[in-house]
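Pasting in a structure now, in structure tokens, and then I'll have a few things to ask.
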Amino acid sequence: MVWRRMLLMAAAWLAPILSAAQPATDSAFADPILGAVLDVYDTDADAEPLAELLSEWMEHPLDVNTADAALLARLPHLGPALARAIVRHRDRHGPFPALDALEAVEGFSAERVAAARPFLTVHTPAPARPRLRVEGLQRIGRRIDLGRGYRPDSNRTRYAGSPDRLYTRIRIRRGRIRLGLALDKDAGESLRWDPSTRAFGFDHVAGFAALEGIGRLDRLVVGDFNTLFGQGVLFWRSSALGKSRESVRAVVRSGTGVRGQASAEEDRYLRGLGATLRVAGPLRATFFVSQRRLDGRLRADPSGGADPPSQTATLARGGLHRTPGEIAGRGVVTERLTGGALTMSAGSVTAGLSGFHSRYAPPLAAGEAADARYRLAGASTSGGSAFGGAVLGAFYPFGEIAVTGAGSVGGIGGVTVQMPPHGALVLLVRNYARGFASPHGYAFGERNGVTQNEAGWYAGLDLHPAPGWRLAAYFDLYRFPWARFGVPRPAGGHEALVFVERAPRQWLRISAQLRHETRDAGAPAPDPTGRSLDALREETRQSVRLHADYLHSPALRLRARLELVRAATPGLMDAVGRLLYQDVRWQPAPRLRFDARVALFDVDRYAARVYTFEDDLTYTFSVPAFSGRGQRSYLRVGWRLGPALTVEGKAAMTRYEDAETVGSGLDAVAGNRMREVRLQVRWHLR
């Protein structure tokens with residue numbers, strides 16, 4: 001039944017392409033943010049920070065004649081090597097008269113300029129009086145079909161609050177001053193005012209005030225902020241890109257120092273004060289202090305000898321405070337941190353040193369299980385790193401090495417090679433020791449952001465061999481030298497991807513992607529006496545993806561995908577996952593847009609799950625993982641009521657065949673469907 005529906009959908013999609021109708025040759029209806037996000041996020045990941053950043057740059061594009069290399073490098077289409085090439089070219093030849101002049105920069109092509117164009121601009125005279133820019137956003141969403149966690153049953157654990165997800169954000173900018181505020185309540189959390197438990201209305205409150213470019217003060221941030229230095233081995237308090245079809249530029253980082261942060265992210269930020277000063281010439285000095293409360297679980301320390309006994313804690317991630325247990329662990333650990341960095345960016349070279357010292361109260365507990373033996377523990381920790389990069393003709397060597405704790409070392413290094421006008425490649429090695437605990441790092445790796453207990457090497461290639469063609473590929477070989485959760489001993493694996501895209505016309509793009517990964521997983525095995533021993537087994541996951549994007553007219557765009565996944569596990573039959581979806585984007589008027597999707601999936605078991613991106617409300621994306629058999633559909637409506645007001649809504653439903661319940665635990669829903677609705681209002685003054 002599912003296969004019949006898939007075939008009918010495929011036939012319906014191919015019909016307009018094969019027809020004699022003349023499609024529009026103007027791709028003005030393209031979505032540069034969605035395209036950039038799809039390039040660098042391919043599976044279950046948090047794309048919201050990148051979507052917010054790109055949305056801000058679409059509204060306030062970066063000036064290629066004044067932006068520094070670190071900021072330009074954050075564009076997925078550029079990367080550190082091309083960003084430094086831009087700065088070097090303008091230093092030698094003067095300002096760019098137009099964006100098309102970027103094609104004269106070594107390593108650039110017309111395709112690369114076109115991809116980055118929506119986020120860049122050339123110098124325009126600053127107004128005599130800086131304008132006030134204000135943006136307000138209110139988002140609300142909830143599931144219609146609720147789990148047992150919302151039932152008024154006093155005999156069972158239940159969620160403390162309503163199923164509504166609320167998010168409020170305000171951003172203000174005028175000249176050199178920036179302000180940001182974010183208020184967030186997750187589904188199941190309560191709106192309450194209880195200073196004794198550090199609850200002030202919304203469960204999560206974040207905000208900052210920033211001052212930029214006054215005398216020797218490059219930037220001052222008070223409140224919540226991120227710290228991004230080097231390759232993220234020691235400091236990268238934000239999400240970052242990992243392995244994807246953007247196989248070269250996405251794996252190389254370029255830190256931008258201290259940046260104000262006000263978002264729904266509840267883990268990766270610092271709270272206090274940070275400042276960057278211009279010391280002399282290209283030398284910058286950054287310092288920061290932070291004190292914030294972290295979630296965790298307390299327990300008595302049997303070795304403390306105190307009466308009452310002293311306590312230790314283990315940290316908890318996720319930021320959810322819905323049940324009595326989660327609420328009890330809210331903010332029970334205090335982290336006090338001081339740190340700083342010296343950075344230099346001159347011409348083709350960037351280099352820096354960074355360091356920090358953190359104290360925890362109560363102390364963090366040492367792990368008892370094998371996989372937790374080397375986790376962060378004790379009352380304090382510290383670390384330091386050195387990082388740098390340089391443009392040497394077509395080559396860009398880069399790297400960072402860091403030391404934390406009692407001397408454990410972690411590092412990453414590599415080189416990118418520009419091959420104008422056809423593309424680029426990267427070679428990268430990494431080694432994070434099992435005892436290298438980097439609480440504020442988020443470096444590249446197989447477990448992107450878990451900068452510990454991993455070694456490996458990576459090779460990536462991105463080619464544009466002919467107009468309208470693109471080839472991207474990577475191979476990653478990795479090893480975990482110590483046990484991990486669910487894997488009782490050292491293990492390893494390898495992963496490879498090949499992506500080919502063909503754009504024979506402006507209105508048609510077709511691509512194919514092949515991915516293969518084999519990795520060791522934990523599995524019990526009997527010894528000759530029948531006892532169960534911890535062992536490893538090799539698991540393989542392979543996928544084939546066919547994707548097409550067809551611009552029928554300025555008002556109508558079609559997008560379709562077919563994906564097949566095979567998961568092979570020793571001792572079990574191979575599992576197969578199948579997914580086919582059809583997207584329709586219709587814009588009947590300049591201020592009104594509809595996005596709809598119908599997806600069919602048939603997945604034998606969770607090991608063969610299929611991930612797929614969904615276009616969501618502005619600044620948000622969702623990446624559901626499909627398992628079982630069923631259908632997923634949604635309708636998104638965006639309506640710009642005026643130059644300053646936009647209203648968006650999304651309704652979605654997932655229906656499973658032959659299922660009696662959907663979800664698990666407190667989110668388990670009786671029946672075979674899950675429905676949700678979301679609404680967002682955005683207002684801005686420019």
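Quick caveat, the model's predicted, so the values are computed rather than measured.
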Mind checking whether Phe594 and Trp586 have parallel, tilted or perpendicular rings, split at 30° and 60°? parallel
Hey, is Glu495 close enough to Lys243 for a salt bridge, meaning N to O under 4.0 Å? yes
Note, Leu146 side chain near Arg142 side chain (heavy atom, < 4.5 Å): yes
Do the side chains of Tyr432 and Asn453 get nearer than 4.5 Å, heavy atoms only? no
Is it possible for you to check whether Arg545 lies under 6.0 Å from the centre of the six-membered ring of Phe499, through NZ or CZ, and within 45° of that ring's axis? no
Could you give me the CA-CA distance, side-chain angles and deciding distance for His204 and His321, then say whether ring pair (Phe, Tyr, Trp, His ring centres under 6.0 Å) is met? CA-CA 10 Å; His204 173 64; His321 309 111; 9.2 Å; no
State whether Asp574 and Arg566 are salt-bridged, where the test is any N-O pair (Lys NZ or Arg NE/NH1/NH2 against Asp/Glu carboxylate O) under 4.0 Å. yes
Side chain to side chain donor-acceptor pair (under 3.5 Å) against Thr654, all qualifying residues, sequence neighbours excluded: Arg632
Ring centres under 6.0 angstrom apart (Tyr458, Tyr474): yes
Closest non-hydrogen atoms of Ser247 and Ala472, given as atom of the first, atom of the second and distance, are OG-CB, 3.8 Å
Pick one: which of Arg597, Arg585, Glu648 meets side-chain contact (heavy atoms from CB on, under 4.5 Å) with Arg636? Glu648
Between Tyr634 and Lys650, is there a cation-pi geometry (under 6.0 Å to ring centre, at most 45° from the normal)? yes
Salt-bridge present (Asp462, Arg470; N to O < 4.0 Å): yes
Salt bridge Arg479-Glu454, side-chain N to carboxylate O under 4.0 Å: no
Salt bridge (Lys or Arg N to Asp or Glu O under 4.0 Å) partner of Asp549, the single match among Arg509, Arg502, Arg557: Arg557
Before accepting this row, confirm whether a basic side-chain N of the pair Glu446/Arg519 lies closer than 4.0 Å to the acidic partner's carboxylate O. yes
Any donor-acceptor N or O pair under 3.5 Å, side chains Thr518, Thr540: yes
Looking at every non-hydrogen atom in both residues, tell me the closest pair between Phe202 and Lys185 and how far apart they are. CD2-N, 3.9 Å
Between CG on residue Leu600 and CG on residue Leu579, distance to nearest 0.5 Å: 8.0 Å
State plainly whether the residues Asp667 and Arg148 are in salt-bridge range, i.e. N to O under 4.0 Å. no
So which of Tyr611, Tyr581, Phe626 actually passes ring-ring contact (aromatic ring centres under 6.0 Å, His included) with Phe601? Phe626
Is any side-chain heavy atom of Arg682 less than 4.5 Å from a side-chain heavy atom of Leu617? no
With a cut-off of 6.0 Å (strictly less than), are more than 12 heavy atoms of other residues, nucleotides or ligands near CZ of Arg505? no
Show the nearest heavy-atom pair for residues Pro163 and Ala187, with the distance to one decimal. O-CB, 3.4 Å
Tell me whether Arg139 forms a cation-pi arrangement with Tyr167, defined as NZ or CZ under 6.0 Å from the six-membered ring centre and within 45 degrees of its axis. no
So which heavy atom on Ala651 is nearest to which on Val677, and how close? CB-CG1, 4.2 Å
Whether Asp520 and Arg489 form a salt bridge (side-chain N of Lys/Arg under 4.0 Å from carboxylate O of Asp/Glu) is what I want to check. no
Taking the basic N atoms (NZ, or NE/NH1/NH2) and the acidic carboxylate oxygens, is any pair closer than 4.0 Å for Arg559 and Asp615? no
Give a yes or no on whether a salt bridge exists between Arg593 and Asp595, defined as a side-chain N under 4.0 angstrom from a carboxylate O. yes
Applying side-chain contact (heavy atoms from CB on, under 4.5 Å), can you list everything that pairs with Pro570, at least two apart in sequence or on another chain? Arg537
If you define the side chain from C-beta out and look only at heavy atoms, does anything of Asp583 sit under 4.5 Å from Leu558? no
Aromatic rings Tyr550 and His552: how do their planes relate, parallel, tilted or perpendicular, breaks at 30° and 60°? perpendicular
Side-chain touch Val487/Leu536, heavy atoms, less than 4.5 angstrom: yes
